[in-house]
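Following: one structure in structure tokens, then a few remarks.
The sequence lines fix the lettering, A, B, ..., with proteins before strands; numbering per chain opens at 1. Atoms considered below: every heavy atom in the structure, side chains included; atoms not considered: hydrogens, waters and symmetry mates. Everything numeric in this text was worked out from a predicted model, so none of it was measured.
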Amino acid sequence: MSHTFSSTPSSVAVSLVYDFHNIEPKWQAVWENSGVFSVPDIPLPEQPKYYVLEMFPYPSGQLHMGHVRNYALGDVIARYKRAQGFCVLHPMGWDAFGLPAENAARERGIHPKEWTFANIDTMRLTLKRLGLSLNWDREITTCMPEYYGQQQRLFLEFIRAGLVERRESWVNWDPVDQTVLANEQVIEGRGWRSGALIEKKKLSQWFLRITEYAQDLLDGIKSLDRWPERVKTMQERWIGRSEGVKIRFPLSCPPDALEPHLREVTVFTTRPDTLFGMSFLAIAADHPLALWAAEQNPQVAEFVAECQRLGTSIESVETAPKRGIDTGLRVSHPFLNTDFPVWIANFVLMDYGTGALFGCPASDQRDLDFAREYNLPVTPVILPPEIEKSGNQDHYCIEAQAYTGNGRLINSDFLNGLTTHEARRVVIERLEKQGLGESVVHWRLRDWGISRQRYWGCPIPIIHCATCGAVPVPEDQLPVTLPEDVSFEKPGNPLEHHPHWKHTNCPVCNQPAIRETDTFDTFVDSSWYFSRFTAPHALTPTVSEAVHRWLAVDQYIGGIEHAILHLLYARFFTRAMHRTGHVDIDEPFAGLFTQGMVTHESYKDQDGHWVYPEDVERTSTGAVHRITGEPLTVGRVEKMSKSKRNTVAPAAIIERFGADIARWFVLSDSPPDRDMEWTEAGVSGAGRFVQRLFRSVCGVAAEKTALLSCKKDLENSLVKKTIESSVTESCKTDFIQKTDKKSVQEQKTVADSLRRMTHRTIVAVTEALEHFTINVAVARIHELTSALIATEDHFKNKTKTSQHEEQQREMAFARFECARTLCLLCAPMMPHIAEEMFSRLCPEEGLVVCQAWPQASQEWLTVTRVTVAVQILGKLRGTIEVSPDEEATRVIARAQADPRVARFLQGKKIVKTIHVPNRIVNFVVKDV
RNA sequence: GCGAGCUUGGCGGAAUGGUAGACGCAGGAGACUUAAAAUCUCCAGCCUGUAUGGGCGUGUGGGUUCAAGUCCCGCAGUUCGCACCA
């Protein structure tokens, strides 16, 4: 990437204030015009690639601070990797379909498209103002046919690959949003967006068969070694593999009227070893047999209806007692000559297992509660080891607590004496042999229902024909575009109400037919956008060489809130795209980083209304309203949210402080994976530092000009040698003609220590960036800046004799190297100011974004003196200064001789000495 | 209930098992200034002492180790996730 630009003309007076209003847009324009950030669809084979991606935003209106943190973090990685020589893909797009657009349409009469694009424009402007190193030429907007048309293509291929099903099923119906929700979108029985109580409804829905990949998705987690542990655990539990047994219980005297398929009940259990402890069989209220029983008996019907009314809301779950009703039916036990009653119980869930279980009250707390409620027998079958040891087994019985642990089997016929583990095996063998059951793996994960009765989403490319059924739209008719002339007057789906959009002809028989009016769940849109970014404008969903070269995403960054839904869907989608030949990997995100939230204090006025931070003035005792002076209550520090009004708008912050200061602050205080508190004091503190850094580096630039103006020829060698980075002894002698060795020596010590500090900082910042501890990188840059400032006086105070000129040059060199290094080190976090300082400091070198990441030179990393801690019995008693290669015996002797140490050693005998070279000497002593 | 994470000064936090509190914020003192702001310098875990010093300190109780914020086992608090999961 070659580029030219004109550096700051030397005639312009050096301004000592970082004027971001002018400087930041200037460099943004330079970057844009030089195209430094764009990368080819197919990167050159000899250059290593790096794909860094932040979760793309939903265009809700305004960028918020969470976005700023997310994208600043991603940009640090992108710029750092670029400096390290990687070809960096760092794209941005918009997750642009979704319900809020439709709500805006209903509430304010704006068309969803108009609303969405206006928001995108606003947010894009703020993003650009942040100076992120993004590939804007790869921008994706999911609500544009260029994107969603390809998604429809993928869907048709998934159908052919057997990954799609249309099923009549009970769905979660959100009565407020008037749409179906996936299980994942129902939180505590309420819609994740509307908060409305979810109803059960039976509808024909499209499903993606994610369960087919359940095992694979589970196994794949093991390979994700750069994912946070807790995200992996959450996914594991969500997939929820459990190994158990399906056991068939035939009804002992089935009524004649009962249909044959209802004449046995299948239960799922993970504890077949407790089979002999059975005292009842319980089925869910919406189990087919329960429904049949309800038809026979009004009392049962009433109970079933009551269970359905209570639903699954959290209140009903926690407060409802274990309740049930006896159906009067009985089932035979596989191994016992008795039969057991079939109850309908409110704690049995139809959508887990088979919707039926056998109750063993002794070994399950719920079963026990139920048994106590209805006076059902409780037979202990597992003897706890401690009871066994105590020898009290004859009197062992279950009281209020079920025993759920392991032990030895009792009261269990052929299982008696076996351990729970053995019993499980034996019972399964027996059941399988007798054809009464088989081991099965049960998954918590359900297939992914993707139909939404919504307008603002990707149309499902299907045509319903009375004779041919559901027919995929032929590829040459894609994309199926959304009509724009829709009305939001009526509730429900506007596509349904559109006068003619849904009317078409069947692609097979050409008879009049109806388009599918449901649209895709928007999680579909975000399940493959990262693949699309590799060739965003292709006429196929992906281009094989591009995805092959770019995927997987090396570093994905986003909020923990997507730990399950989005990440699981994306992992599944990638597998589905692999099967259909669109990508050649299974795991889309090699590295995942989940950043913490941005929090802020919240404020309430006397009437209990939330007050925005910009209207608040902090006083020594509390807070008052900036305008009215009314005292305010300072509330908790919590996640920024519109409802609490504890938000600060990024656009306003950038206007006041500039992008770099905002970025610097958001990166500086807290480790990126923890929550950070946004404070006014914090951001202005960041501002002070930035100005300090700027003044200081500009000062070095001025010194350099002053010093080199007399000896022009020096400039080239100075700069050249610094760029080459390994600053050698011979290079130094270019600057020091050793006229007066002694006085030079003194100055040299200061200069040398600055140079050592500079190189140490390179190592520390590099390490910190590798470890994602950006806050530590920031701290190290602070330190180096302070070190640079500390040498200012050293430089100025020396008189200008010829002798001191050499010292000054030594110092100037150290300061120049330090300042140049600072520019490079802070560039990932504060790219604008880095460019500005760099252009003043070394205008001949071009852009910072094109500079290689600084390399620490070993010469300056070796230390000449180290402080060694001296301990007695592990307690610090003193420190000594040694040279790194000092002999161990000498170090120990000196440690012993330290006055403070010596005092503690008095009257003691050293029994052992631990010496960790250049770190510590520890004397193990005892009294004489 | 199950699972995961977290717990270090007034606050955010730093610390390959090796000098706890780097760096920053807030605070204090001083310099510069007519003054303020800005800037610069210094101080700052707690207790004790005039001081050199001494004692105690990383939620809590144990353990391992010459040495523990760090490793192991318990407990508490807290945050998040899942949950009548058979």
Distance between [atom1] atoms of [N] and [M] (Å, rounded):
N	M	atom1	result
rC2(B)	rC84(B)	P	15 Å
rU33(B)	rG27(B)	C1'	23 Å
rA83(B)	rG13(B)	C1'	35 Å
rC71(B)	rU65(B)	C1'	10 Å
rU50(B)	rC66(B)	P	40 Å
rU52(B)	rG59(B)	C1'	35 Å
rC46(B)	rA37(B)	P	27 Å
rA67(B)	rG5(B)	P	28 Å

Run the ring-centre check on [X] versus [Y] and record whether the distance is less than 6.0 Å.
X	Y	result
Tyr374(A)	Phe280(A)	no
Phe772(A)	Phe593(A)	yes
Phe358(A)	His333(A)	no
Trp448(A)	Phe523(A)	no

Between atom [atom1] in [X] and atom [atom2] in [N], what is the gap in whole Å?
X	N	atom1	atom2	value
Leu565(A)	rC80(B)	CG	P	17 Å
Ile789(A)	rC42(B)	CD1	P	12 Å
Arg230(A)	rC82(B)	CZ	P	12 Å

Task: side chain to side chain contact (heavy atoms under 4.5 Å, CB included) partners for Ala563(A), two or more places apart - done: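 Only Val231(A), Met234(A), Ile560(A) meet the side chain to side chain contact (heavy atoms under 4.5 Å, CB included) criterion with Ala563(A).
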
Between [Y] and [X], does any NZ, NE, NH1 or NH2 come within less than 4.0 Å of an OD or OE carboxylate oxygen?
X	Y	answer
Asp364(A)	Arg366(A)	yes
Glu601(A)	Lys644(A)	no
Glu306(A)	Arg323(A)	yes

Suppose we define a pair by two distances each less than 3.5 Å, Watson-Crick or G-U wobble; what does [N] pair with here?
N	value
rG1(B)	rC82(B)
rC71(B)	rG63(B)
rC6(B)	rG77(B)
rC40(B)	rG30(B)
rG53(B)	rU48(B)
rG12(B)	rC23(B)

- [ ] Tell me whether the OP1 or OP2 atom of rA83(B) has a side-chain N or O from Arg444(A) closer than 4.0 Å.
- [x]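 The answer is yes; a side-chain N or O of Arg444(A) sits under 4.0 Å from OP1 or OP2.
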
TODO: Look at the side-chain N and O atoms of Arg688(A) and state whether any lies under 4.0 Å from the OP1 or OP2 oxygen of rA37(B).
DONE: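 Answer no for this pair, as no side-chain N or O of Arg688(A) is under 4.0 Å from OP1 or OP2.
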
Open item on the list: Please check this pair: side chain of Asp675(A) against backbone of Met597(A), looking for a donor-acceptor N/O pair closer than 3.5 Å.
Closed with: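 Such a contact is found between Asp675(A) side chain and Met597(A) backbone.
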
Open item on the list: Among Val690(A), Ile653(A), Asp660(A), Val683(A), which residue satisfies the side-chain contact (heavy atoms from CB on, under 4.5 Å) criterion with Phe665(A)?
Closed with: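 One option only clears the test, and that one is Val683(A).
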
TODO: Could you check Asp367(A) against Met234(A) and say which one's nearest nucleotide on RNA chain B is further toward the 5' end?
DONE: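 Looking at RNA chain B, the more 5' nearest nucleotide goes with Met234(A).
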
Open item on the list: Syn or anti for rG9(B)? Use the chi torsion, O4'-C1'-N9-C4 for purines and O4'-C1'-N1-C2 for pyrimidines, with syn inside 90° of 0.
Closed with: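 This nucleotide is in syn.
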
Open item on the list: Let's test your reading of the model: under 3.5 Å, does the base of rC2(B) pair with the side chain of Arg237(A) as donor and acceptor?
Closed with: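 Flag set: donor-acceptor pair detected.
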
Task: Spacing of Trp238(A) atom CH2 and Leu565(A) atom CG [to the nearest 0.5 Å] - done: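 If I round to the nearest 0.5 Å, the distance is 6.5 Å.
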
Open item on the list: Strictly under 4.0 angstrom, non-hydrogen atoms only: write out the protein contact profile of nucleotides 47-65 of chain B, one letter per nucleotide from the 5' end, B, S or -.
Closed with: ------SSSS---------

Task: Contact pattern, 5' to 3', of nucleotides 9-24 of chain B - B, S or - by protein heavy atom under 4.0 Å - done: ---SSS-B-BB--BSS

